[in-house]
**Q** 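Would you mind keeping the following structure in view while I ask a few things?
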Amino acid sequence: MDIPVNLCNRLKAARHVVAFTGAGMSAESGVPTFRDSQTGLWSNFRAEDLATPHAFLKNPVIVWQWYASRREAISKVQPNRGHLALVQLQTMIEKVTVVTQNIDNLHKRAGQEIVVELHGNIERVKCFEENRVVDRFSPDEVPPTCPFCGGLLRPDVVWFGELLPAEEFKRAEDACGQCDVLLVIGTSGVVYPAAALPQLAVQSGAYVVEVNPERTPFSRHADVSLQGPSGKLLPEILECLM
Ligand code: APR
């Protein structure tokens, strides 16, 4: 694809680039989407009925096991060319911040240094009672218990009905409101409040680029909407800087 000259120029002049990413960013890695993970043993459950505090209180064993199976599936996939392009961008731009809605940890595994995780991280575990992140737990207990208070441990991800982590959301607002270029990658842009973040960049005059094989509700707000997979388009965008 021909990358627009304006995009190349804005990128060359940029000091801070933010990438706002969603599930499509990991599509080419083969990460099962939230709903696609309902196969085999889990086909009788709806994801929306497992990813809630209420479901965990009612049946912590089932919810823990569902996340354990997703964690295992995710541990087997690798970051794709899109993730690696954003890692390479760090060597070309003064500051690169990734703000992600994904919980799959692939940005960090790829080597991204500044990652704001709006919806948590499936590899992290926290106490259901006190919200404290816990590093070590017994793999024999299902679910394991908190070494500090004895409460049940849960994945450190944002469930339906829960607020986004305030500190991470503030970091995301600051990054989106202060960047020179915003890349909106692989997100349908319909899940709020995260979906409001790209508008902050639009309002502050940043150059806003969408990368997605499909048009989305956000497309008309972007300065340019590049249609295609991020694993192909992000390396092409980087070529402007070489
Ligand atoms: N490259 C770029 N984008 C892609 C690719 C690809 N290879 N493949 C698909 N997409 C796009 C789709 O066109 C779609 O617009 O990725 C987007 C994925 O949209 P959603 O599945 O709605 O994911 P997301 O926007 O991240 O959803 C936000 O909703 O389900 C909850 O908590 C979950 O974090 C998630 C949130």
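As the structure lists them, so they are numbered: ligands from 1, and atoms in each ligand from 1. Values below: all heavy atoms of this structure, side chains included; hydrogens, waters and symmetry mates excluded. Note that the structure is a prediction, hence the values are computed from the model and not measured.
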**Q** For Phe169, which fellow cluster members are found when Ile, Leu, Val, Met, Phe, Trp and Tyr are connected by side-chain heavy-atom distances below 4.5 angstrom, either directly or through intermediates?
**A**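 Cluster partners of Phe169: Val18, Phe20, Val99, Val116, Leu118, Val158, Leu164, Leu182, Val184, Leu197, Leu200, Val202, Val208, Phe218.
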**Q** Taking side-chain hydrogen bond (donor to acceptor under 3.5 Å, both in side chains) as the test, write out the residues that go with Glu72, two or more places apart.
**A**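 Residues passing side-chain hydrogen bond (donor to acceptor under 3.5 Å, both in side chains) with Glu72: Lys76.
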**Q** Which bit of Val191 gets closer than 4.0 Å to ligand 1, counting heavy atoms only: side chain, backbone, both or neither?
**A**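 The side chain, only.
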**Q** Hey, which atoms in ligand 1 end up nearer than 4.0 Å to a heavy atom of Gln101?
**A**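 The atoms of ligand 1 under 4.0 Å from a heavy atom of Gln101 are 28 (C), 34 (O).
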**Q** What about Thr216: any of its N or O atoms under 3.5 Å from an N or O on ligand 1?
**A**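 There is no such contact.
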**Q** Which of the numbered atoms in ligand 1 are under 4.0 angstrom from any heavy atom belonging to Gly186?
**A**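 Those qualifying, in numeric order: 2 (C), 3 (N), 16 (O), 17 (C), 18 (C).
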**Q** What I want to know is whether Glu214 and ligand 1 share at least one N or O pair that is separated by under 3.5 angstrom.
**A**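 The answer is no, given that Glu214 and ligand 1 share no N or O pair closer than 3.5 Å.
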**Q** Run the salt-bridge test on Glu117 and Lys108 with the 4.0 Å N-O cut-off and return the result as yes or no.
**A**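 Yes.
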**Q** Nearest non-hydrogen atom to atom 32 (O) of ligand 1 belongs to which of His119, Lys232, Met25, Arg215?
**A**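 Selected option, by shortest heavy-atom distance: His119.
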**Q** Salt bridge or not for Lys126 and Glu162, using N-O below 4.0 Å?
**A**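 No, this pair does not count.
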**Q** Salt-bridged, Lys170 to Glu173, with N to O below 4.0 Å?
**A**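 No, Lys170 and Glu173 are not salt-bridged.
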**Q** Determine, considering heavy atoms only, which of Gly120, Ala27, Gly231, Gly22 sits nearest to atom 8 (N) of ligand 1.
**A**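 That would be Ala27.
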**Q** Do any nitrogen or oxygen atoms of Ala23 come within less than 3.5 Å of a nitrogen or oxygen of ligand 1?
**A**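 Yes: some nitrogen or oxygen of Ala23 is under 3.5 Å from one in ligand 1.
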**Q** Taking only heavy atoms of Pro229 into account, list the atoms of ligand 1 that are under 4.0 Å away from them.
**A**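 Result: 1 (N), 6 (C), 7 (N).
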**Q** Which atoms of ligand 1 are found less than 4.0 Å from any heavy atom of Glu28?
**A**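 Those qualifying, in numeric order: 1 (N), 6 (C), 7 (N).
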**Q** Would Cys8 and Cys240 satisfy disulfide (SG to SG under 2.5 Å), going step by step from the backbone distance to the final call?
**A** CA-CA 5 Å; Cys8 288; Cys240 290; 2.1 Å; yes
**Q** Identify the residue among Thr21, Asn121, Asn102 that makes a side-chain hydrogen bond (donor to acceptor under 3.5 Å, both in side chains) with His107.
**A**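 For His107, the side-chain hydrogen bond (donor to acceptor under 3.5 Å, both in side chains) test succeeds with only one of Thr21, Asn121, Asn102, which is Thr21.
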